[in-house]
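Working notes, beginning with the structure itself.
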Amino acid sequence: MGRQLEQLPPDMSSLARQIAQLRRELRELRAAKRAGHTAISTGGLILNDSNGDMVAEVATDWNERGVSAVAVYDTRLGDEYYAALAAGDLCFGVAGITDEADEGRIGFARIDETMYELLISSGSRPGRAPAAINMYSETGVAVGDSRLDVTAGSMSVSGTLKAGNCAWGTVTITPNAAGVPTAMAVSGFSLTGTSFTAQATPTTSVPGTTVAGVGITNASATGVTVWLTRGNTAATDVNWMVIGQ
């Protein structure tokens with residue numbers, strides 16, 4: 001075996017060419033080992049942070065539910081707050097918190113059987129309910145807490161519904177004289193919209209006799225005028241509503 005110096009290229013140019021050739025071959029080798037597609041038939045891929053906590057998971061059987069999914073976790077508070085995407089459904093919630101009384105409701109159990117704070121479903125999964133949007137005010141709480149459900153063209157709201165284009169209330173009007181229309185202005189709200197309609201109805205058991213009628217004028221984004229005509233001067237409550245369009 002020759003000396004090490006005798007194994008080197010005869011000059012620096014030859015050495016540089018050989019190094020360049022080695023670099024090209026190394027790049028080609030790396031490129032050849034890159035897969036066009038990577039398949040996972042069982043198990044999955046888990047990403048952990050520097051503390052070893054799982055922050056994301058791509059699984060063929062997520063949480064042993066028989067559902068393939070991509071899930072991102074936030075475990076900083078000790079709970080698995082997750083965002084998951086599977087079979088056209090996207091949901092956010094807390095893993096492991098269930099609401100058994102609601103599991104049978106249409107559109108509830110999608111990616112798994114845990115309570116979620118937001119679910120957007122395409123409705124594309126075979127045998128599933130139509131597309132739905134479900135939003136909860138809190139996670140893992142008793143049935144009946146505030147929520148918004150939009151399923152198959154209908155919407156149900158459990159709790160108080162407030163809209164920026166609607167205002168309503170009750171005013172008490174004492175007529176100035178019997179048989180004389182008396183007005184009361186209502187203000188203090190600010191509605192969205194460019195045109196406004198209003199409604200009014202009296203709280204009475206003698207409509208059309210003692211209470212001759214009610215009316216509405218000057219409906220706007222900030223106020224409305226309510227009218228009452230009565231056969232005497234008794235104070236009367238009138239319910240009113242203004243809607244912006």
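Since the model is a prediction, treat every value here as computed from it, not as a measurement.
Note: the hydrophobic cluster containing Val214 also contains Met184 (ILVMFWY, side chain heavy atoms under 4.5 Å, direct or indirect links). Under the 4.5 Å side-chain heavy-atom criterion for Ile, Leu, Val, Met, Phe, Trp and Tyr, Trp168 and Phe196 are members of distinct hydrophobic clusters. A continuous path of hydrophobic side-chain contacts links Val171 to Val224 [ILVMFWY only; heavy atoms under 4.5 Å]. Put simply, Ile243 and Ile216 are part of two different groups of oily side chains (I, L, V, M, F, W, Y) that touch within less than 4.5 Å, one to the next.
Put simply, CG on Asn232 and OG1 on Thr174 are 10.5 Å apart, with the number rounded to the nearest 0.5 Å.
Of the candidates Thr203, Thr201, Thr172, Thr172 is the only one forming a side chain to side chain donor-acceptor pair (under 3.5 Å) with Asp237.
Taking each heavy atom of Gly231 and Ala178 in turn, the nearest pair found is O-CB, 3.2 Å. When all heavy atoms of Ser220 and Phe189 are compared, the closest pair comes out as O-CE1, 3.7 Å. In terms of heavy-atom proximity, Ile173 sits nearest to Val226 at CD1-O, 3.7 Å. Across every non-hydrogen atom of Asn176 and Thr182, the tightest pair is N-OG1, 3.0 Å.
In this structure, Pro181 and Thr229 have side chains that are in contact, with non-hydrogen atoms separated by less than 4.5 Å. In this structure, Thr210 and Arg230 have side chains that are in contact, with non-hydrogen atoms separated by less than 4.5 Å. Counting heavy atoms from C-beta outward, Gln18 and Gln21 have side chains that stay 4.5 Å or more apart. Inter-residue side-chain proximity for Pro175 and Leu228 is flagged as met; some heavy-atom pair is nearer than 4.5 Å.
Donor-acceptor pairing under 3.5 Å is recorded for the side chains of Asn239 and Thr170. For the residue pair Asn218 / Thr225, a side-chain donor-acceptor distance below 3.5 Å is found, with atom types taken as modelled.
With hydrogens and angles disregarded, a donor-acceptor distance shorter than 3.5 Å links the side chain of Thr236 to the backbone of Ala234.
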